[in-house]
Amino acid sequence: MTSILFLTITFMGILTASAAPSQSYADEDPTPVATVTTCGGYVNTSSALIEYQPGASIRADQQCVWIVKVPLTFLRFRLVSSGLGENDGLFINDFLSYAPTTQKKFRIVGENYTVSSDQAVITLSVGHAPTRGFSLEFFSSGMVTARGPYSGFASLNMNSGNFSYPSNGGQYRDGENAVFVVNPIVPAQRTLRFTRMGLEYANNCVYDAVSVYNWFNNEYIQLGRYCGTTLPPTFTLEAGVALVVFRSDTSNVGVGFAFEWL
Ligand SMILES: *[C@@H]1O[C@H](CO)[C@@H](O)[C@H](O)[C@H]1NC(C)=O
Ligand SMILES: *[C@@H]1O[C@H](CO)[C@@H](O)[C@H](O)[C@H]1NC(C)=O
Ligand SMILES: *[C@@H]1O[C@H](CO)[C@@H](O)[C@H](O)[C@H]1NC(C)=O
């Protein structure tokens with residue numbers, strides 16, 4: 001009796017496990033559903049063609065940062081065309097844990113690059129001479145991701161400014177994941193200075209935290225992770241580009257943070 005029952009349960013378990021994934025696995029879109037032509041931004045679609053100045057001139061030292069968030073678990077990139085030179089770079093960082101990690105430099109037209117992630121950072125970094133643009137497409141496939149949309153996003157393209165989160169003067173919420181890109185349109189070294197900090201405090205900022213990543217020597221360097229009410233140090237952004245990533249856990253909130261860049 002006991003062994004027959006055991007076999008039945010195991011058999012049903014296998015049936016359930018093999019049936020579930022195939023029901024919700026989604027294939028790639030046949031062609032990109034959106035076209036993006038801006039220098040950076042938030043691309044939140046299942047597929048897209050990013051065409052930045054293909055065949056046209058891009059100024060020296062230009063940087064552009066695109067944040068890609070797709071609904072499925074795999075993300076395939078393909079370089080469609082490129083006029084970029086030796087000293088320019090088009091980089092893709094996995095952003096799986098809301099941190100720019102594994103980086104790939106794209107150079108070969110036609111090349112595919114697939115990440116097991118529903119989010120990525122694309123960074124264009126032009127060298128000290130003008131260059132020509134590129135086009136890059138991406139497609140998502142797989143299972144629907146457990147992660148929802150970002151709770152906040154901003155692409156800060158002004159040459160200087162103030163940014164506050166939340167912007168309404170209230171408190172942030174539990175369970176937030178927000179991404180803010182400092183990417184002034186005129187390339188130059190910038191300063192990033194926090195002017196307000198009101199986050200739940202914990203040792204090593206393991207609960208609520210704001211993390212700052214600086215684009216330097218063609219990679220993202222984490223400058224620090226901050227919480228509590230002490231203002232972080234003033235940062236120098238050599239290329240003028242930074243990612244400010246905010247997350248909160250499931251309890252205790254605060255008035256958030258503000259910074260200026262100039
Ligand atoms: C890139 O991936 C697509 C879709 O899987 C495939 O059709 C194409 O042949 C791949 N290209 C290369 C160069 O591997
Ligand atoms: C994309 O944005 C829309 C509207 O802001 C939102 O409803 C949707 O959930 C987002 N999707 C992803 C994958 O972030
Ligand atoms: C940020 O706001 C403060 C207070 O209004 C102002 O003095 C400062 O000039 C602003 N900074 C920038 C970079 O705009």
Side-chain angles (χ1 to χ4, degrees), residues 21-22 25-35 40 43 45-51 54 63 65 68 70-84 90-92 94 102 104-118 120 122 134-143 152 154-170 180-198 210 212 214-215 223 226 229 231-244 246 255-262:
S22 59
Y25 190 96
D27 291 325
E28 293 182 350
D29 297 328
T31 53
V33 299
T35 301
V43 191
T45 48
S46 54
S47 59
L49 176 66
I50 298 176
E51 278 191 314
Q63 334 267 330
V65 180
V68 174
V70 295
L72 304 170
T73 45
F74 293 103
L75 189 44
R76 178 174 67 89
F77 294 91
R78 185 174 160 271
L79 190 57
V80 178
S81 73
S82 173
L84 300 175
L90 185 61
F91 301 89
I92 293 175
D94 187 344
T102 315
K104 153 89 175 169
K105 184 174 182 180
F106 241 136
R107 23 172 119 246
I108 303 165
V109 169
E111 188 182 5
N112 283 314
Y113 177 60
T114 303
V115 291
S116 299
S117 178
D118 60 345
I122 304 171
F134 68 92
S135 53
L136 170 76
E137 59 185 7
F138 71 78
F139 298 91
S140 65
S141 62
M143 311 293 288
S155 204
L156 306 170
N157 299 126
M158 305 294 286
N159 291 322
S160 65
N162 279 288
F163 181 76
S164 173
Y165 191 82
S167 57
N168 58 12
F180 309 107
V181 184
V182 179
N183 185 190
I185 202 72
V186 175
Q189 179 174 300
R190 311 276 166 186
T191 296
L192 178 66
R193 181 185 300 126
F194 279 77
T195 53
R196 181 179 87 241
M197 275 294 281
V210 61
V212 181
N214 179 32
W215 180 253
L223 297 179
Y226 305 94
T229 54
L231 293 177
T234 297
F235 304 113
T236 297
L237 310 178
E238 286 82 357
V241 169
L243 303 180
V244 178
F246 171 65
V255 296
F257 59 91
F259 59 80
E260 67 173 341
W261 74 99
L262 62 167

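In listed order, ligands and their atoms are each counted from 1. If you're wondering where the values come from, they're calculated on a predicted model, not measured in any experiment. Both backbone and side-chain heavy atoms feed into the values below; hydrogens, waters and symmetry mates do not.
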Legend entry - Test of proximity, W261 against ligand 3: N or O pairs below 3.5 Å: no
Inset, instruction - Indicate whether the side chain of E238 and that of N214 have a donor and an acceptor atom separated by less than 3.5 Å. - result: yes
Legend entry - Under-4.0 Å heavy-atom contact between protein and atom 11 (N) of ligand 1: yes
Inset, instruction - Using distance alone, decide if ligand 1 has a nitrogen or oxygen within less than 3.5 Å of any nitrogen or oxygen in E28. - result: no
Inset, instruction - State plainly whether the residues E260 and R196 are in salt-bridge range, i.e. N to O under 4.0 Å. - result: no
Legend entry - Ligand-residue contact atoms, ligand 1 with N112, heavy atoms, under 4.0 Å: 1 (C), 2 (O), 3 (C), 8 (C), 10 (C), 11 (N), 12 (C), 14 (O)
Inset, instruction - May I ask you to check whether S141 and R76 show a side-chain donor-acceptor distance below 3.5 Å? - result: no
Inset, instruction - Output yes when a protein non-hydrogen atom is found under 4.0 Å of atom 2 (O) of ligand 3, and no otherwise. - result: yes
Inset, instruction - Considering the heavy atoms of N162, write down every atom of ligand 3 situated less than 4.0 Å from one of them. - result: 1 (C), 2 (O), 3 (C), 8 (C), 10 (C), 11 (N), 12 (C), 14 (O)
Inset, instruction - For ligand 3, find out whether one of its N or O atoms is nearer than 3.5 Å to an N or O atom of E260. - result: yes
Inset, instruction - Check the pair T73 / D118 against side chain to side chain donor-acceptor pair (under 3.5 Å), numbers first and verdict last. - result: CA-CA 5 Å; T73 45; D118 60 345; over 6 Å; no
Legend entry - Residue and atom name of the nearest protein heavy atom (relative to atom 13 (C) of ligand 1), distance in Å to one decimal: G110 O, 3.4 Å
Legend entry - Min N/O separation R76 to ligand 1 under 3.5 Å: yes
Inset, instruction - May I ask you to check whether F91 and W215 place their ring centres under 6.0 Å from each other? - result: yes
Legend entry - Distance-only side-chain donor-acceptor flag, S81 / S135, under 3.5 Å: yes
Inset, instruction - Would you please indicate if the ring centroids of F246 and F180 are separated by under 6.0 Å? - result: no
